[in-house]
Amino acid sequence: MPLETESRAQIRALISEFRPNHGDLLAAMHRVQHEYGYLSREAMEVIGEQLHLFAAQVYGAASYYEEFRFEPPAAVDIRWCSGPACRARNGGGIRDAILATLRVPMDGQTEDGRVGIRLGQCIGTCELAPQVWIEERATHTNEVVGELNAAKAIKIARALRDGATAREVLGQEVLRG
Amino acid sequence: MVSANPTGTPLERYEALKAPAEAAYAAWRAPERARIDVAIDTSSLANGAKATRAAIAARIAETNATVDLGQNHGYGMQWLQPLVTITFPDGAAVVYGPVKAEQAAAIVDIATGRTPATSTLAIGTVAGTREGIPSLRDHPFFALEPKTGRRLIHRLGLTDPENMQHYLGTGGYHAAARMLDRHQSPAQVRQELIDSALGGRGGGNFPAGTKWNFLATAPGDEHYVICNADEGDPGAWVNRVIMEGDPHLLIEGVLIAAYATGSKGGFIYVRDEYPLAIARLEAAVREAEAAGLLGDGVLGTSMNFELRVIRGAGAYVCGEETGLINSIQDGRGMPRVKPPFPAGSGVFFKPSNVNNVETYANAPMVVEHGAQWYLEYGTERMRGTRLFSFSGDIQRVGFMEIPFGVPLAGVIEACGGMLPGQQLKAIQSGGPLGSMLPAREVPNLSMENAPFSALDALMGGGGIVFLGDQVCTIHMAEMFTQFVEEESCGRCTTCHGGNQRQTEIIRRTIAGDGRHEDRHNLALIDRTLQFSNCVHGQFSPKIVRNTLRFFSDEYERHSAGRTCDALECEGLIRFRVTNQSDPRLAEAQDICPTAAVIGGPGARSVDDALCIRCGACTDVAPNALVREAKPATPRMVAIG
Ligand SMILES: Cc1cc2nc3c(=O)[nH]c(=O)nc-3n(C[C@H](O)[C@H](O)[C@H](O)COP(=O)(O)O)c2cc1C
Ligand code: SF4
Ligand code: SF4
Ligand code: FES
């Protein structure tokens with residue numbers, strides 16, 4: 001068993017309530033990701049020890065889901081809605097515009113880690129189609145920006161890329177016009 | 001917090017919970033001073049309800065207004081969010097919307113009586129009357145809802161979903177308490193369900209009571225009830241509405257199922273995308289435990305029932321029941337081969353029952369009012385009412401509870417018809433494994449499975465998207481092929497590989513490279529996919545099949561004709577500068593994310609090789625550039 005370091009002890013404490021064969025794996029992974037932003041190799045090992053699973057099993061499960069990450073997340077994610085009501089109003093153009101602005105693939109992030117784009121699924125706020133959600137980790141912001149078009153999406157992506165915070169972007173006049 | 005009564009029969013214990021709750025709810029409905037309830041749900045929050053609430057709170061503080069501030073769930077009219085309800089001391093309640101932060105002062109003034117209740121923002125009354133304001137029920141959006149009022153979602157807008165007293169005070173948990181008081185045996189409950197003909201709301205319409213019988217008669221005494229709240233179909237959010245709007249209703253439904261099937265444990269598996277539903281359900285479960293309605297010795301009986309809320313993590317096929325079960329038990333949420341069905345081997349390999357949120361949520365009604373009452377609405381094949389969410393290019397986006405069988409044409413009318421300047425082109429139902437039907441079939445469609453199945457279509461789990469004539473169906477089909485490809489779990493080569501091929505062909509067609517043999521190959525892929533293990537693979541070619549059948553001309557225009565009339569398909573369109581002197585052209589050049597607008601003033605043009613067809617330039621300068629059909633380029637023909 002690997003040496004018990006301080007960071008391992010911290011992770012272990014975080015998930016101490018979870019038990020093997022009890023349907024706790026998803027909850028444990030969510031807990032760790034909420035705290036650290038992603039699942040490190042070390043975290044997956046500790047989760048495995050706690051739940052009596054091989055780290056490979058933990059990784060195997062985690063990698064199956066869209067939500068779990070293995071690298072630190074961007075400071076702000078633009079979550080792009082891939083649903084039909086959004087797509088009917090140039091949702092695809094909005095996606096391509098953001099990707100081109102940030103010069104990253106879907107689920108990627110800028111090199112400085114400032115901003116990323118992630119694939120989102122319809123949450124049933126289609127009255128505001130087309131839309132993206134702005135998710136900022138530090139401030140626990142998660143807000144829908146609706147009635148978008150490609151030009152507004154580019155302005156949002158540029159502002160975030162150039163260092164604006166989610167709050168600044170969400171307050172922008174750009175989003176109203 | 002509601003706390004448990006330590007003695008008495010189940011009904012006595014229940015009455016002890018209910019009496020104070022009823023009083024509290026009555027006081028809430030006819031408050032001493034006016035109260036403003038801001039709808040707090042996923043839709044209202046997206047529309048700025050938090051800012052509205054903060055502005056109202058600030059205004060109340062500023063003006064020392066003798067008004068309280070509370071919350072409820074929206075009524076279904078999502079296009080009018082944020083919705084706000086004012087309840088006056090006489091018990092009259094008026095719904096207003098959309099109430100943005102800027103309207104906070106006006107709302108507070110109405111609540112204090114400084115200005116009359118009639119305002120341009122007034123939509124209708126939900127309780128009592130107010131001169132000059134119609135009843136909300138008379139709004140055309142609700143024309144198809146049961147005349148006697150909503151059944152499944154009757155609490156929405158009239159309770160605070162985070163207040164258990166409101167659930168108890170409106171008769172909640174009575175069905176469960178009476179049942180536990182030996183009013184009905186488990187077998188009687190199951191029979192009532194069978195008599196009501198309640199069908200599974202996940203899409204299949206399988207009789208819930210019959211499924212409960214499978215579990216009740218399964219061997220062993222470790223049984224589980226599982227609630228499928230994965231709601232993965234884009235455009236469907238009806239389960240969300242129940243969980244956010246009336247979480248205890250779902251809990252009571254699952255509790256009834258547990259009693260009827262002899263289950264000691266239960267899981268509600270909620271998709272990760274619904275954090276508010278998860279939070280409200282988790283809080284409601286804790287409250288129900290504290291009230292003695294869950295946990296050991298439910299209402300003093302020998303029934304033990306532990307209910308857990310599981311948070312999914314974004315995988316569509318976890319909505320398939322065996323995928324869901326695998327996901328709960330520490331693994332990859334991959335669907336497996338059936339049989340065994342969940343009643344034979346479910347979670348932790350123990351007999352289990354999987355039902356949709358809305359299926360369980362109907363159970364309290366059936367148990368409370370009996371099968372006969374339940375059968376009043378619906379059709380021969382599909383009984384009762386169901387929730388639908390309507391979206392797309394209609395005037396009124398939202399959800400409603402309607403009896404099965406109402407004509408689709410009526411639905412479109414209730415939704416206010418299409419947006420100005422648009423004609424209905426396609427009806428997308430049943431999610432990515434569902435269908436796409438043309439507008440001309442509207443007269444043949446009503447809201448139940450049979451007329452959809454007759455057209456090789458699927459009504460599905462409650463989401464219907466109406467697409468206007470600006471939409472290209474080939475382009476839309478690509479969205480779904482990509483979805484089913486990405487969400488394939490990878491177990492079957494048919495599904496995993498077949499969907500990749502299907503997407504490639506549709507993509508190539510969009511890129512302007514359709515081939516004569518594509519139709520034949522798509523049919524082959526279709527046939528192959530039918531042999532996949534689960535319904536995901538089996539139904540994944542459905543939308544393309546529908547498209548080729550019902551939008552055959554449009555497909556041929558793309559494939560052979562190299563033309564996208566809706567001007568959406570990337571390879572068949574281009575952007576071109578049409579007005580050099582438009583001052584906005586410079587702005588267009590600036591916004592272009594790929595620097596495809598080249599040249600200086602007076603000589604700007606779009607470099608087609610750089611252009612990604614995002615449309616940002618025409619967003620900012622609609623009169624300076626056009627999106628247009630790409631002129632046909634002569635194709636290379638091999639000579640030899
Ligand atoms: C790929 C796939 C996704 C599904 N997603 C859901 C879902 O999100 N919600 C749901 O209730 N049923 C879903 N189902 C159907 C379930 O497998 C199952 O039939 C259903 O939960 C049974 O509940 P019911 O009888 O109450 O409808 C899905 C099926 C497949 C094949
Ligand atoms: S059909 Fe597709 S989703 Fe279903 S088990 Fe096979 S690969 Fe997985
Ligand atoms: S469509 Fe997008 S990429 Fe093409 S010229 Fe316009 S802004 Fe640039
Ligand atoms: S399609 Fe984007 S929110 Fe529903």
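Letters A, B, ... mirror the listed sequences (proteins, then strands); counts begin at 1.
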For the side chain of N90(A) and the backbone of C614(B), is there at least one donor-acceptor N/O pair under 3.5 Å apart?
yes
Taking side chain as everything from C-beta outward and backbone as N, CA, C, O, which of these in T594(B) sits under 4.5 Å from a heavy atom of chain A? Side chain, backbone, both or neither.
side chain
Hey, which residues of residues 62-73 of chain A are touching chain B, say heavy atoms under 4.5 Å apart?
S63(A), Y64(A), Y65(A), E66(A), E67(A), F68(A)
Nearest 0.5 Å, what's the CD-OG1 distance between Q81(B) and T125(A)?
10.5 Å
Whatever's closer than 4.5 Å to a heavy atom in chain A on S327(B) counts as both
Measuring heavy-atom distances to chain B, does A97(A) have an atom under 4.5 Å in its side chain, in its backbone, in both, or in neither?
both
For the side chain of R87(A) and the backbone of M476(B), is there at least one donor-acceptor N/O pair under 3.5 Å apart?
no
Backbone of D24(A) reached by a side-chain donor or acceptor of D330(B) within 3.5 Å:
yes
Using modelled atom types and a 3.5 Å cut-off, is there a donor and acceptor pairing between side-chain atoms of H30(A) and backbone atoms of G312(B)?
yes
Charged N to carboxylate O under 4.0 angstrom, K155(A) versus D590(B)?
no
With distance as the sole criterion, is a donor-acceptor pair present between the side chains of E127(A) and N47(B) under 3.5 Å?
yes
Could you report the tightest heavy-atom contact between D619(B) and A151(A), atom names first, then the distance?
OD2-N, 3.1 Å
